[in-house]
Chemist: 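Take this structure, written in structure tokens, and hold onto it; I'll ask about it next.
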Amino acid sequence: KKNLKPKQILQMGYTDEQIGAYVGVVLAQYDKDGNGTLDRNEFTGFIQGFSKECGLDPVPNQGECDQALKDLDKDGSGSLSKDELIQLVKILLAAASGGN
């Protein structure tokens with residue numbers, strides 16, 4: 001299984017298929033309880049790691065991560081599903097590439 005990094009996806013131009021594959025890697029790495037979603041602590045670990053990897057500064061603090069989780073959690077489950085994570089990664093990649 002290829003371990004894609006955010007910067008690699010940015011350099012590739014990222015297709016929906018690549019973003020989906022990346023989210024699968026994210027879940028494998030950060031979904032500590034193995035339930036297929038990222039809860040508050042798992043999400044915070046991912047978002048802070050992603051931000052550092054992409055050189056986004058400042059790295060979001062816990063309050064910002066909590067707000068992002070609330071905004072992105074469309075089904076109100078308190079965690080992010082794979083589909084919700086795909087939408088988040090698209091937003092983050094756009095921000096990391098200068099909004100294009």
Chemist: I would like to know whether F46 and L88 meet side-chain contact (heavy atoms from CB on, under 4.5 Å); could you show each step before the answer?
Modeler: CA-CA 11 Å; F46 161 64; L88 167 64; 3.8 Å; yes

Chemist: Check T37 against E42 and note the closest heavy-atom contact, atom names and distance.
Modeler: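 Looks like O-OE1, 3.1 Å.
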
Chemist: For K90, give me all partners under salt bridge (charged side-chain N to carboxylate O under 4.0 Å, His left out), at least two apart in sequence or on another chain.
Modeler: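 Partners of K90 by the salt bridge (charged side-chain N to carboxylate O under 4.0 Å, His left out) criterion, ordered by chain and then number, come out as D16.
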
Chemist: Please give me the minimum heavy-atom distance between C65 and T44, naming the atom from each residue.
Modeler: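 Where C65 meets T44 most closely, the heavy atoms are CB-OG1, 3.7 Å.
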
Chemist: Holding to side chain to side chain donor-acceptor pair (under 3.5 Å), I want the full list of residues that pass it with S51, two or more places apart in sequence or in another chain.
Modeler: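 In terms of side chain to side chain donor-acceptor pair (under 3.5 Å), with neighbours along the sequence ignored, S51 is linked to no residue.
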
Chemist: With sequence neighbours left out, what residues match E84 under side-chain contact (heavy atoms from CB on, under 4.5 Å)?
Modeler: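 For E84, the residues satisfying side-chain contact (heavy atoms from CB on, under 4.5 Å) (neighbours in sequence not counted) are D73, K74, D75, L80, S81.
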
Chemist: Indicate yes or no: at least one non-hydrogen side-chain atom of L69 is less than 4.5 angstrom from one of L38.
Modeler: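 Heavy-atom side-chain distance check fails, nothing below 4.5 Å.
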
Chemist: Sort and list the pairs that fulfil salt bridge (charged side-chain N to carboxylate O under 4.0 Å, His left out) and have at least one residue in residues 21-33, not counting sequence neighbours.
Modeler: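 For residues 21-33: none.
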
Chemist: Please check if I47 and V59 belong to a single hydrophobic cluster, counting links between Ile, Leu, Val, Met, Phe, Trp and Tyr side chain heavy atoms closer than 4.5 Å.
Modeler: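 I47 does not cluster with V59.
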
Chemist: I need the L72 CG to D83 CG distance, nearest 0.5 Å.
Modeler: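 Reported value, rounded in 0.5 Å steps: 12.5 Å.
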
Chemist: I want to check something: taking the side chain as every heavy atom from C-beta on, are Y22 and F50 in contact at a cut-off of under 4.5 Å?
Modeler: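 Counting from C-beta outward, Y22 and F50 do come under 4.5 Å.
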
Chemist: Not counting sequence neighbours, which residues clear ring pair (Phe, Tyr, Trp, His ring centres under 6.0 Å) with F43? List them please.
Modeler: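 None.
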
Chemist: Any side-chain donor-acceptor pair under 3.5 Å between D66 and Q62?
Modeler: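 There is such a pair (donor and acceptor under 3.5 Å, judged by atom type) between the side chains of D66 and Q62.
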
Chemist: Looking at residues at least two apart in the chain, or sitting in another chain, which of them share a side chain to side chain donor-acceptor pair (under 3.5 Å) with E64?
Modeler: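 Counting only residues at least two positions away or on another chain, E64 forms no side chain to side chain donor-acceptor pair (under 3.5 Å).
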
Chemist: Does N61 offer a backbone N or O that forms a donor-acceptor pair with the side chain of Q48 under 3.5 Å?
Modeler: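 Such a contact is absent between Q48 side chain and N61 backbone.
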
